[in-house]
Visitor: 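Quick one: this structure, given as structure tokens, is what I'll be asking you about.
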Amino acid sequence: MDHSQQAVAVFNRLANEYQDKFMDVSLYAPALERFCTALPGAAPQVLELGCGPGNISAWVLRQQPAIRLYGTDLSENMVALAQQNNPTARFAVMDCRDVHQLEQQYDGIIASFVLPYLNYEEARKVVADCAALLEEGGILYISTVEDNYAASGPLQGSTGDWVIMHYYLQEDLLTFFDENGLDLLGAFKFHAVMGKGKEIVELVLVAKKRIY
């Protein structure tokens with residue numbers, strides 16, 4: 001089974017539990033504020049990859065109700081919850097690895113906790129595809145678990161389910177940014193616990209597409 005499809009099977013089954021546990025995203029407020037305040041225009045078009053139950057969407061829309069948000073996730077159950085939690089936004093089932101198929105340009109793109117479910121080449125391509133979809137001056141919000149990529153592998157969650165997790169260092173993502181004309185606006189680190197008590201550092205980077 002494809003490693004992402006394995007994760008989706010888990011998320012489909014545990015969507016409601018995930019919603020109950022993770023709707024409060026106030027921990028990430030400094031990074032999300034940096035993203036929101038950097039967005040160009042009065043009613044920016046924002047794409048969210050891996051929207052989950054719409055937790056990040058809800059925070060962003062509370063800050064800027066004029067945002068026109070299109071959220072996607074590979075889990076049908078997550079998409080259904082995201083739509084319930086954010087009736088003014090639009091959501092659809094889509095694999096983030098297919099983001100290059102979208103034709104619209106966006107003022108901002110959010111990819112929160114998507115990279116841990118992508119291998120190195122997939123992550124590199126998704127960043128490149130996001131950069132291509134951003135308008136000049138557009139803003140990218142992207143997060144991951146910070147660690148050496150070599151440490152990637154199976155991780156057992158608190159429910160006993162296993163998923164393949166991929167880890168990235170800030171320097172990895174900055175390499176992806178440099179390749180695609182993205183300039184770092186801010187880097188944020190948050191300590192959390194994942195799986196069966198595994199302590200992690202979540203890395204969030206906010207970047208701007210260069211204006212030529």
Side-chain angles (χ1 to χ4, degrees), residues 11 15-73 75 78-79 81-91 96 106-117 123 126-127 130 134 137-147 158 165 167-170 172-174 176-177 182-195 198-209:
F11 285 131
N16 286 304
E17 288 85 346
Y18 189 96
Q19 174 182 237
D20 293 342
K21 187 174 181 179
F22 295 112
M23 281 306 292
D24 181 6
V25 297
S26 55
L27 174 67
Y28 310 103
L32 290 167
E33 287 174 356
R34 187 71 184 94
F35 172 80
C36 287
T37 57
L39 287 172
Q45 295 270 8
V46 172
L47 170 68
E48 183 177 8
L49 305 178
C51 65
N55 47 355
I56 296 291
S57 313
W59 196 99
V60 167
L61 289 170
R62 282 196 299 271
Q63 297 301 306
Q64 292 196 31
I67 285 175
R68 292 166 290 173
L69 190 141
Y70 175 48
T72 68
D73 199 288
S75 164
M78 289 293 195
V79 166
L81 290 174
Q83 191 66 75
Q84 292 174 19
N85 290 321
N86 300 279
T88 64
R90 184 167 59 97
F91 296 89
C96 68
Y106 294 90
D107 301 301
I109 297 178
I110 301 168
S112 178
F113 221 68
V114 166
L115 295 193
Y117 303 104
V126 165
V127 172
C130 286
L134 280 173
I139 308 300
L140 175 66
Y141 174 108
I142 197 163
S143 67
T144 188
V145 178
E146 186 181 47
D147 204 343
S158 58
M165 298 294 293
Y167 307 116
Y168 297 90
L169 297 173
Q170 182 169 329
D172 296 325
L173 301 190
L174 292 181
F176 298 163
F177 288 1
L182 297 167
D183 295 320
L184 185 67
L185 294 181
F188 307 82
K189 295 185 181 183
F190 307 95
H191 293 270
V193 175
M194 182 172 62
K198 178 180 173 62
E199 295 185 1
I200 62 169
V201 175
E202 294 185 39
L203 171 67
V204 181
L205 300 183
V206 179
K208 181 177 182 178
K209 185 173 179 178

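Only a predicted model underlies this, so the values are computations on that prediction, with no experimental measurement involved.
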Visitor: Of all heavy-atom pairs between G52 and A82, which one has the smallest distance, and what is that distance?
Guide: O-CB, 3.5 Å

Visitor: Does a donor on one side chain and an acceptor on the other come within less than 3.5 Å for D73 and S75?
Guide: no

Visitor: Considering non-hydrogen atoms only, spot the tightest contact between V114 and C96 and give its length.
Guide: CG1-SG, 3.4 Å

Visitor: Quick one: does L69's side chain get under 4.5 Å of N86's, heavy atoms only?
Guide: no

Visitor: Is any side-chain heavy atom of E199 closer than 4.5 Å to one of H191?
Guide: no

Visitor: Can you measure from CG (L174) to CG (L205) and round to the nearest 0.5 angstrom?
Guide: 6.0 Å

Visitor: Can you tell if the side chain of C130 reaches within under 4.5 Å of the side chain of L49, non-hydrogen atoms only?
Guide: yes

Visitor: Kindly compute the distance separating CZ (F188) from CG (L32), expressed to the nearest 0.5 Å.
Guide: 9.0 Å

Visitor: For a 4.5 angstrom cut-off between non-hydrogen side-chain atoms, does L115 reach L173?
Guide: yes

Visitor: Quick check: closest heavy atoms across L185 and I139, and the distance to 0.1 Å?
Guide: CD1-CD1, 3.9 Å

Visitor: Looking at every non-hydrogen atom in both residues, tell me the closest pair between A42 and A66 and how far apart they are.
Guide: O-CB, 3.5 Å

Visitor: Name all residues meeting the side-chain hydrogen bond (donor to acceptor under 3.5 Å, both in side chains) criterion together with Q83; count only those two or more places apart in sequence or in a different chain, and write none if there are none.
Guide: none

Visitor: Looking at OG1 of T144 and OH of Y168, how far apart are the two atoms once the value is rounded to the nearest 0.5 Å?
Guide: 6.5 Å

Visitor: Do L27 and E202 pass the side-chain contact (heavy atoms from CB on, under 4.5 Å) test, and can you show the C-alpha distance, the side-chain angles, and the key distance before you say yes or no?
Guide: CA-CA 11 Å; L27 174 67; E202 294 185 39; 5.6 Å; no

Visitor: What's the spacing between L140 CG and I110 CD1 if we round to 0.5 Å?
Guide: 9.5 Å

Visitor: Could you pull out all residues at least two apart from N16 that satisfy side-chain hydrogen bond (donor to acceptor under 3.5 Å, both in side chains)?
Guide: none

Visitor: With side-chain hydrogen bond (donor to acceptor under 3.5 Å, both in side chains) as the rule and sequence neighbours excluded, what pairs involving residues 37-62 come up?
Guide: Q45-Q104, E48-S57

Visitor: Give me the atom names and distance for the closest heavy-atom approach of A207 to L182.
Guide: CB-CB, 4.1 Å

Visitor: Check whether Q64 reaches the backbone of C36 with its side chain - one donor and one acceptor, N or O, closer than 3.5 Å.
Guide: yes

Visitor: Locate the shortest heavy-atom distance separating V204 from A31; write the atom from each residue and the value.
Guide: CG1-CB, 3.7 Å

Visitor: Look up atom CZ in F177 and atom CG in L184, then write down how far apart they are to the nearest 0.5 Å.
Guide: 6.5 Å

Visitor: Do F113 and F22 come within less than 4.5 Å of each other through their side chains, counting heavy atoms only?
Guide: no

Visitor: First locate atom CD1 of I109, then atom OH of Y141, and finally report the distance between them rounded to the nearest 0.5 Å.
Guide: 14.5 Å

Visitor: Find out whether V46 and R68 are in side-chain contact, i.e. whether some heavy atom of one side chain is under 4.5 Å from a heavy atom of the other.
Guide: no

Visitor: Are the side chains of I200 and Y167 in contact, using a 4.5 Å heavy-atom criterion?
Guide: no

